[in-house]
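Down below is the structure, laid out as structure tokens.
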Amino acid sequence: MSDFEGIIKAVHCMPQGMLLVGGDQEILFVNDAASKILNTGPSSPLLFRQLVETVGFDPFQLLNESGNTPFTREASIASTPYKATVFPVPGINGHNGVCLLLRNIAQEKRIDTMKSEFISVVSHEMRTPLTSIKNAIEIIMTRKTGTITDDQQKFLQIAERNISRVVNIISGYLDLAKIELGKVEFHFQEISLQTFMEGIARDFLARAQEKGITFSCTLPEGLPSVTADPQRLEQIVVNLLDNALKFTPDKGSITISSQPGEAPPGSGDRRFVKVSVEDTGRGIPASDRERIFDKFYQVEDSPARKMGTGLGLSIVRELIEAHGGKIQVESEPGKGSRFSFYLRIAAGEKRDLQFRYFFDREFVRASKNQSSFSLILIAIKNFKELRDSFGDQKGMLLLEALQKVLHDSLFRQADTLIHYKRGEIFVVICEVEKHGAEVVKQRIKKQIGEFSGDSLSEVLKKSIIGVGIATYPEEAPNQRELFRKAIKDAEEDIHGKEKDPDRGR
Ligand code: ADP
């Protein structure tokens, strides 16, 4: 065996997946582990487009954006989490190619979740006694319990300052753990960024002026509305502004700006608004830029180190990602920093927003825990015609009756029932695998078959209702496919009924 063959053999035996892509986007090499991960082989060769869709980013585009420096990203493939490392490989067939390594990090994620849960429990137990100590010290310091000497006052102040710091760390940690464990409820709405940001800017202006800092909030006219939870969005912006204020010396400047139609790094989707908070502060060294979003990470020689917890940016990143957005930082040490985040442009009505939120949440949870969930669609194919011939009121009654049947008799608390597209479709997200979903589908069909109600019997007779299911990850690797599969299944159900009207009734 030649050296070359030996190397190729070793690369095929590697536990990590490895792919080599030529500059013309041709997949040149896939080792055995990568073939397994990406479910590809000689009979189904991988196309670059499929690779991008599966890992969720375009390696060439991201390398370009990072100035050709290697980068690491997380990717969820068939509900298993991977760390993807990408680096440039110059001079392949005269072009610059890329190499992509995929490492399974499911075990690390599980340990991470256990660690988060453990620290959450401990932090939670500590918060109450610490808050009582803090309150007790504050009461003594107000001298309500009697006189104290100046020395005692000084020591109590030290104790109070330190306890406040610990309480801040614990509260920040608990906030973060709650978001990470999917325990924070988001209330998404359509938000006009212009009005929203102006409100925050008004409150911030006085604080900036106090420090002699010039502050401006310049948003372009006609900025589209975004989808966000107002309370959480405020938390994001205030956190970034607080940091800018903390790390910008007197007489510096802080600016909020925004551009619509910007695609987050690595995504071609331009249905986002980019919001930036820029300062003329101390800046962040290149080696720290990625890490400042890690828990408890603070730049080593930061003078404000003692004032913070190193948790603010981790919370900000989690909150932005929960909105389906991204955050990035650009900075020049000594000159300033620009933190930019991307928010989805709001399109359509609120029920769809709510659906997207639940769907995203369930998807993230299932990917993290390597568990399954199923989407169940109940669609009234001829809802518009029914409403036209029987009237709006009967139409609404039909929907209400259907919703009640679904609610009352079928689902556990944890399952989510959503009205989608003005009621023509109901969507249920169930934490069950394929077999469980099939059982639920049959139960729904039986319930609908036995559905009765005098005033509705005419409408019911004419209604064409289909039930479709799809299970993640068994039947679809991503959300779009899952939805498509469930719709197709519902259509087949309707088709079957149209051919044989007595079936399922
Ligand atoms: P904290 O501010 O509580 O230390 P963060 O997570 O908000 O924690 O920030 C982490 C670190 O990132 C900070 O300690 C600081 O070193 C750096 N940093 C954040 N924002 C800025 C900024 N606008 N300018 C310079 N450094 C920053």
Side-chain angles (χ1 to χ4, degrees), residues 112 116 119 123 127 130 161-180 184 197 200-201 203-205 207-218 232-258 274-323 325-342:
D112 227 33
S116 296
I119 302 179
S123 308
R127 185 160 61 174
L130 276 170
R161 214 172 32 242
N162 281 287
I163 288 177
S164 295
R165 190 164 145 66
V166 180
V167 170
N168 276 348
I169 294 175
I170 287 180
S171 301
Y173 190 85
L174 282 174
D175 267 359
L176 186 60
K178 249 167 99 180
I179 306 169
E180 280 178 342
V184 168
M197 288 298 187
I200 295 181
D203 295 343
F204 185 70
L205 185 64
R207 292 178 57 208
Q209 281 171 341
E210 224 170 79
K211 232 186 135 185
I213 283 177
T214 318
F215 171 63
S216 69
C217 177
T218 47
R232 301 295 168 185
L233 181 57
E234 180 166 352
Q235 194 178 349
I236 293 168
V237 180
V238 167
N239 220 309
L240 293 177
L241 285 172
D242 280 349
N243 275 352
L245 197 61
K246 206 158 56 174
F247 298 105
T248 303
D250 298 0
K251 306 218 161 43
S253 70
I254 298 174
T255 313
I256 297 182
S257 61
S258 178
K274 178 180 177 184
V275 180
S276 304
V277 176
E278 192 170 356
D279 63 57
T280 57
R282 63 195 304 271
I284 303 156
S287 53
D288 292 299
R289 252 168 252 161
E290 265 304 303
R291 302 199 57 198
I292 53 171
F293 295 100
D294 291 349
K295 272 178 240 175
F296 299 113
Y297 192 82
Q298 294 178 298
V299 175
E300 203 41 63
D301 64 344
S302 165
R305 201 172 147 83
K306 283 199 232 74
M307 285 155 55
T309 59
L311 286 171
L313 288 176
S314 320
I315 295 175
V316 164
R317 181 166 67 178
E318 287 288 337
L319 289 176
I320 290 171
E321 287 180 358
H323 278 76
K326 285 232 154 51
I327 182 160
Q328 68 177 38
V329 59
E330 299 151 273
S331 181
E332 207 174 317
K335 293 223 162 131
S337 314
R338 185 195 296 136
F339 285 85
S340 305
F341 62 90
Y342 298 79

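As a basis for the values below, the full set of heavy atoms in this structure was taken, side chains included, without hydrogen atoms, waters or symmetry mates. Indexing begins at 1, ligand by ligand and atom by atom, following the structure's order.
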For Ile256 and Val237 the tightest heavy-atom approach is CD1-CG1, 4.5 Å
- Would you say Ile284 has any N or O atom under 3.5 Å from an N or O of ligand 1, going by distance alone? no
With a cut-off of 6.0 Å (strictly less than), are more than 12 heavy atoms of other residues, nucleotides or ligands near NZ of Lys211? yes
Would you say Gly310 and ligand 1 have an N/O pair spaced under 3.5 Å apart? yes
Tyr297 heavy atoms within 4.0 Å reach ligand 1 at atoms 10 (C), 11 (C)
- Task: Measure up the Phe204 and Phe215 rings against each other and bin them: parallel (under 30°), tilted (30 to 60°), perpendicular (over 60°).
- Result: perpendicular
Numbered in order shown, the ligand 1 atoms found under 4.0 Å of a heavy atom of Leu311 are 6 (O), 8 (O)
So the atoms of ligand 1 within less than 4.0 Å of a heavy atom of Gly283 turn out to be 25 (C)
Of all heavy-atom pairs linking Val275 and Ser258, the shortest is CG2-OG, 4.2 Å
Notebook entry, point to check: For Thr309, is at least one N or O under 3.5 Å away from an N or O on ligand 1?
Noted result: yes
Tested for side chain to side chain contact (heavy atoms under 4.5 Å, CB included) against Ile213, the lone hit among Leu205, Thr248, Thr280 is Thr248
The atoms of ligand 1 lying under 4.0 Å from a heavy atom of Lys246, numbered in the order shown, are 1 (P), 2 (O), 3 (O)
Of Asn168, Ile292, Asn243, Asp288, the residue with the heavy atom nearest atom 12 (O) of ligand 1 is Ile292
For Phe339, the ligand 1 atoms with a heavy-atom partner under 4.0 Å come out as 20 (N), 21 (C), 22 (C), 23 (N)
Could you tell me whether some N/O pair between Ser314 and ligand 1 is separated by less than 3.5 angstrom? no
Can you confirm, on distance only, whether ligand 1 has an N/O atom lying under 3.5 Å from any N/O atom belonging to Asn239? no
Residue set satisfying side-chain hydrogen bond (donor to acceptor under 3.5 Å, both in side chains) with Arg207, at least two apart, ordered chain then number -> Asp242
Pairs under 3.5 angstrom only: tabulate donor-acceptor contacts from the side chains of residues 284-293 to other protein residues two or more places apart or in another chain.
{"residue": "Asp288", "atom": "OD1", "partner": "Tyr297", "partner atom": "OH", "Å": "2.3"}
{"residue": "Arg289", "atom": "NE", "partner": "Ile284", "partner atom": "O", "Å": "3.0"}
{"residue": "Arg289", "atom": "NH2", "partner": "Ile284", "partner atom": "O", "Å": "3.0"}
{"residue": "Arg289", "atom": "NH2", "partner": "Ser331", "partner atom": "O", "Å": "3.1"}

All heavy atoms of Ile163 vs all of Leu130, minimum pair found to be CG2-O, 3.8 Å
Mark the output for Ser337 as yes if a heavy-atom distance to ligand 1 is under 4.0 Å, and as no if none is.
yes
